[in-house]
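Written below as structure tokens is the structure these notes are about.
Quick caveat, the model's predicted, so the values are computed rather than measured. Below, chain A is the first sequence line, B the second, and so on; all start at residue 1.
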There are 2 protein chains.
Amino acid sequence: MENSDIKNAGLKVTLPRMKILELLESSDDRHLKAEDIFKMLLDSGEEIALATVYRVLTQFEAAGLVERHHFDGGHAVFELSDGTHHDHLVDIESGNVVEFYDEKIEHRQKEIARKYGFTITEHTMVLYGRFDKIDK
Amino acid sequence: MENSDIKNAGLKVTLPRMKILELLESSDDRHLKAEDIFKMLLDSGEEIALATVYRVLTQFEAAGLVERHHFDGGHAVFELSDGTHHDHLVDIESGNVVEFYDEKIEHRQKEIARKYGFTITEHTMVLYGRFDKIDK
DNA sequence: ATGAATGCAAAAACTTTGCATGACG
DNA sequence: CGTCATGCAAAGTTTTTGCATTCAT
């Protein structure tokens, strides 16, 4: 259960934290803005402040529970981290996000870092574009 | 000269636009925040408004003259586009940015897009980390 | 009980916009 | 000269912070 995740992060198990974590786990859309989360929680009858959402997400990020991404658009999106790294395809029309992982790219990134004498702590790759229409 | 760039973009050649373009061309740091540009111009004695910097950068971006990136940190950085695509190494301590281009990665990205039925219009790859200390 | 977490409101950081004035072609 | 661009200030967004109150342990 997710309570242990919160505890392991050295955080008290509070209602807001549980609700946010539950929402991130159950949401269809894995990539949510703070405001999305805030509104979804309000809609489901929770009492929560937007400031709390930001604070909790920042704590979860520090604990490695979630990842914060800055896709184009000037706002951050958060996703539950699943331990494994992955990159993103972002549909510039719908905003839909698809995750992918490619061993060749990961490997090549390491080679590049070595070439530049660079130690990677984190990396993001985002392909912006459109998913082909499936006209039938 | 850069005046033709501005004209080709369908924009009047005004002092603010020229100064911003000149600064982007001459700056040591190729990646600047709007506020950086604003302050640098003020420091060099120009009279300009921050709003103008944002407006001009947005126009330049639309014209393909500059690129806007959203690295981690909640603010956009702008760089003069040189026609060729490249990716970035960002030093998480100093904020220094190094550009690189890797044919293998570009090629692999296209393969991935094809696999997902995705048409890429743009893409960014950022490696965050540290440049190895060169202790002598 | 006591230290941490929350809610609220205010503020901060970044960016956009309305409008009167000024400059380009 | 007409139109487009600028400056200024105000407003919009997104995110952070201070403080009194509430909650978890």
d([atom1], [X]; [atom2], [N]) in whole Å:
| X | N | atom1 | atom2 | answer |
| --- | --- | --- | --- | --- |
| B/L11 | C/dA23 | CG | P | 19 Å |
| B/L32 | C/dT15 | CG | P | 13 Å |
| B/H70 | C/dA13 | NE2 | P | 18 Å |

Is the closest side-chain donor-acceptor distance between B/E99 and B/Y101 under 3.5 Å?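 Distance-only check fails for B/E99 and B/Y101.
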With no hydrogens and no angle check, do the side chains of B/H85 and B/E122 hold a donor and an acceptor under 3.5 Å apart?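 No, because no side-chain N or O of B/H85 sits under 3.5 Å from a partner of the opposite role on B/E122.
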A/R130 CZ to B/T119 OG1 distance, which is reported to the nearest 0.5 Å: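 Atom-to-atom, A/R130:CZ and B/T119:OG1 are 8.0 Å apart.
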How many angstroms lie between atom CD1 of B/I37 and atom CG of B/L32, to the nearest 0.5 angstrom?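 Result: 5.0 Å between the selected atoms.
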Taking the nucleotide of DNA chain C with the closest heavy atom to each, which residue, B/K7 or B/F78, is nearer the 5' end?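 Per heavy-atom nearest nucleotide, the more 5' residue is B/F78.
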Comparing B/L15 and B/A76 on DNA chain C - which has the more 5′ nearest nucleotide: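 Per heavy-atom nearest nucleotide, the more 5' residue is B/A76.
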Qualifying residue for side chain to side chain contact (heavy atoms under 4.5 Å, CB included) with A/Y54, from A/T52, A/L57, A/L50: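 Output: one option passes, namely A/L50.
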Which residue is it: A/D91, A/L89, A/V77, A/V90? I am looking for the one with a side chain to side chain contact (heavy atoms under 4.5 Å, CB included) to A/V97.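 Exactly one option meets the side chain to side chain contact (heavy atoms under 4.5 Å, CB included) with A/V97, and it is A/V90.
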Is there a side-chain contact between B/D36 and B/F78 (heavy atoms, below 4.5 Å)?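 No. Closest side-chain heavy atoms not under 4.5 Å.
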May I ask you to test the B/V98-A/F118 pair for a side-chain heavy-atom distance under 4.5 Å?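 When only atoms from C-beta onward are counted, A/F118 and B/V98 do not touch, as no gap falls below 4.5 Å.
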Indicate yes or no: does B/E111 engage B/R108 in a salt bridge with an N to O separation below 4.0 Å.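 Here B/E111 pairs with B/R108 in a salt bridge, since their nearest N and O are under 4.0 Å apart.
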Give a yes or no on whether the backbone of B/V56 and the side-chain of B/R17 come within a donor-acceptor separation of less than 3.5 Å.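 Not a single qualifying donor-acceptor pair exists.
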Contacts to DNA chain D from residues 54-62 of chain A, heavy-atom cutoff under 4.0 Å, which residues?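 Those residues whose heavy atoms fall under 4.0 Å from DNA chain D, taken from residues 54-62 of chain A in numerical order, are A/Y54, A/R55.
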Enumerate the residues from residues 36-53 of chain A whose closest heavy atom to DNA chain D is under 4.0 Å, giving them by residue number; use none for an empty result.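 Contacts with DNA chain D under 4.0 Å: A/L50, A/A51.
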Name the first nucleotide and the last nucleotide along DNA chain D (5' to 3') that come under 4.0 Å of a heavy atom in chain B.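 With heavy atoms of chain B under 4.0 Å away, the range is D/dT3 to D/dA9.
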Using the rule that two of Ile, Leu, Val, Met, Phe, Trp, Tyr join whenever any of their side-chain heavy atoms come within less than 4.5 Å, decide whether A/L21 and A/L42 are in one cluster.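 Yes, A/L21 connects to A/L42 through the hydrophobic network.
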